[in-house]
Chemist: 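A single structure is presented below for examination.
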Amino acid sequence: DGALWVDADGRIQACRHWQGLSGLPDDVEVIELPVGHVILPGLVDMHVHLPQMAITGCQAPDLLTWLDQIVFAEEAKFADGAYARRISEWFFRELLRNGTTTAAVFLTVHPEACNIAFEVAERCGNRVIMGQNLMELNAPEALLRPATQLLAETEALCKRWHGRGEGRLRYAWMPRFALSCSEALLNGIGELRHKYPDVYLHTHLSEQPSEIEAVLQQFPNARSYTEVYERSGLLAARTILAHGIYLSDEELDTLREAGCGLAHCPSSNFFLKSGRFRLTNVLRKAVPFGLGSDVGAGPALSMLTVMRDMQFRQDPVSALLYSATMGAAKALHLEKQIGSLAPGKEADFIIVNPFARRGFGVPPVSEALTIDPTNLLSRLVYLGDEQMIAATYIRGRRVH
Ligand code: GUN
Ligand code: ZN
């Protein structure tokens, strides 16, 4: 029966049995939770696309066809600021409703839509890592810009937003994937990464065989997909690579040595038939990784359902919660700030009611209210979705 003590700055002062918290200062407000509710670290989504919220669940035979037939048309709508605002308001509130306190978010190529996304996230209280989607090649004209324009625009956006909200908002250089980029664009992004070492870099890597084949054709001097990014200086600490399914041992070594983090997106990998993340290889090579919903290829924002999709193929449940909290925090180099309820960290946490469940019309019987931690985790994974999230706090502030 625990207690979490958060100070006025939104930092965790203590996390222990409630009896150990006697003698609190008079001005501390005490909030008692109903029996059976639990406090967990806020969930981290390492890879999600804001402009794909409206197209979740729209199937296509493979990744490149899905991008051409479904995704690009939707993303083009973000040239309209009013549309961008509507979806942004929906998206950032939905993250909080799902208990996601930190998210690494893909946006579109439109600077105005990027500004709108940052404004909404700042106001709603989200912790985010995001930036302009950089695309020069291989998509409809409406989504493409010359490299020089993209590099100028993304640097201006970074200067405006990186570190705002007392560090809650962080910028990322976001080349969509190798196929969207010329070598000149990748090199320019590498220079920006070098110039701003605490800014993130987030892109896709090695998701489907036909994609990899096209990448090696477009970059004939590279021996692997990973090497395309390596040669332009994109691989470093705070580089997030989504998917990373078909990586050789050599590529995994390169990623670990550079300090990169992988975003494993099991729901998306099912949906687009991308293949199976080679978890044993990633663990053996000690490449840090966390989980990503990859909405809209992933059908749901709930990291509990993403944990379930990972479990259907792989791992014990304790490793799943880790992958959606502390594991992701480490992969993002944010483990000193978030990822657990350790004293001194920023108080990002969720209150979970493991008995709230769609389709249960009657209140739970009281005997069910005691549940041991192993069963609790299992229940979260097999039954969990946003219904179980009773409240969400970021830096001590209630945001849902
Ligand atoms: N590769 C390049 N763009 C995308 C995208 O939007 N979604 C996924 N899943 N893979 C990509
Ligand atoms: Zn993606």
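Side chains included, hydrogens not; waters and symmetry mates left out as well; all remaining heavy atoms used. Every number for a ligand or one of its atoms is a count from 1 in the order of the listing.
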Chemist: Using non-hydrogen atoms of the residue, decide whether Trp66 is closer than 4.0 angstrom to ligand 1.
Modeler: yes
Chemist: Could you name all protein N, O or S atoms found under 2.8 Å from the Zn ion (ligand 2)?
Modeler: His47 NE2, His49 NE2, His204 NE2, Asp294 OD1
Chemist: Would Glu211 count as a contact of ligand 1 if the rule is a heavy atom under 4.0 Å away?
Modeler: no
Chemist: Examine Glu75 against ligand 1 and note whether any of their N/O atoms are separated by less than 3.5 Å.
Modeler: no
Chemist: If you count the atoms of ligand 1 from 1 in the order shown, which ones are under 4.0 Å from a heavy atom of Asp294?
Modeler: 8 (C), 9 (N)
Chemist: If you measure from each non-hydrogen atom of Leu67 to ligand 1, which part falls under 4.0 Å: side chain, backbone, both or neither?
Modeler: side chain
Chemist: Identify, with sequence neighbours excluded, every residue that meets ring-ring contact (aromatic ring centres under 6.0 Å, His included) alongside Trp5.
Modeler: none
Chemist: Pairing donors with acceptors under 3.5 angstrom, does anything connect the side chains of Ser293 and Asp45?
Modeler: yes
Chemist: Do the ring planes of Tyr229 and Tyr225 sit parallel (below 30°), tilted (30 to 60°) or perpendicular (above 60°)?
Modeler: tilted
Chemist: Distance alone, cut at 3.5 Å: any donor-acceptor contact between the side chains of Asp294 and His243?
Modeler: yes
Chemist: Are the aromatic ring centres of Phe355 and His37 under 6.0 angstrom apart?
Modeler: no
Chemist: Shortest non-hydrogen contact from Ala117 to Leu107?
Modeler: CB-CD2, 3.8 Å
Chemist: First locate atom CG of Asn133, then atom CZ of Arg176, and finally report the distance between them rounded to the nearest 0.5 Å.
Modeler: 5.0 Å
Chemist: Identify the protein heavy atom lying closest to atom 10 (N) of ligand 1, giving its residue, its atom name and the separation to 0.1 Å.
Modeler: Glu207 OE1, 2.7 Å
Chemist: Only heavy atoms of Gln52, strictly under 4.0 Å: list the atoms of ligand 1 that pass.
Modeler: 5 (C), 6 (O)
Chemist: Just by distance, do the side chain of Gln52 and the backbone of Gly298 share a donor-acceptor pair under 3.5 Å?
Modeler: no
Chemist: His47 and His49: aromatic ring centres closer than 6.0 Å?
Modeler: yes
Chemist: With heavy-atom distances below 4.0 Å as the criterion, list the atoms of ligand 1 near Leu63.
Modeler: 8 (C), 10 (N), 11 (C)
Chemist: Is the closest side-chain donor-acceptor distance between Glu136 and Ser182 under 3.5 Å?
Modeler: yes
Chemist: Do me a favour and list the nearest non-hydrogen protein atom to atom 3 (N) of ligand 1 with residue, atom name and distance?
Modeler: Arg176 NE, 2.8 Å
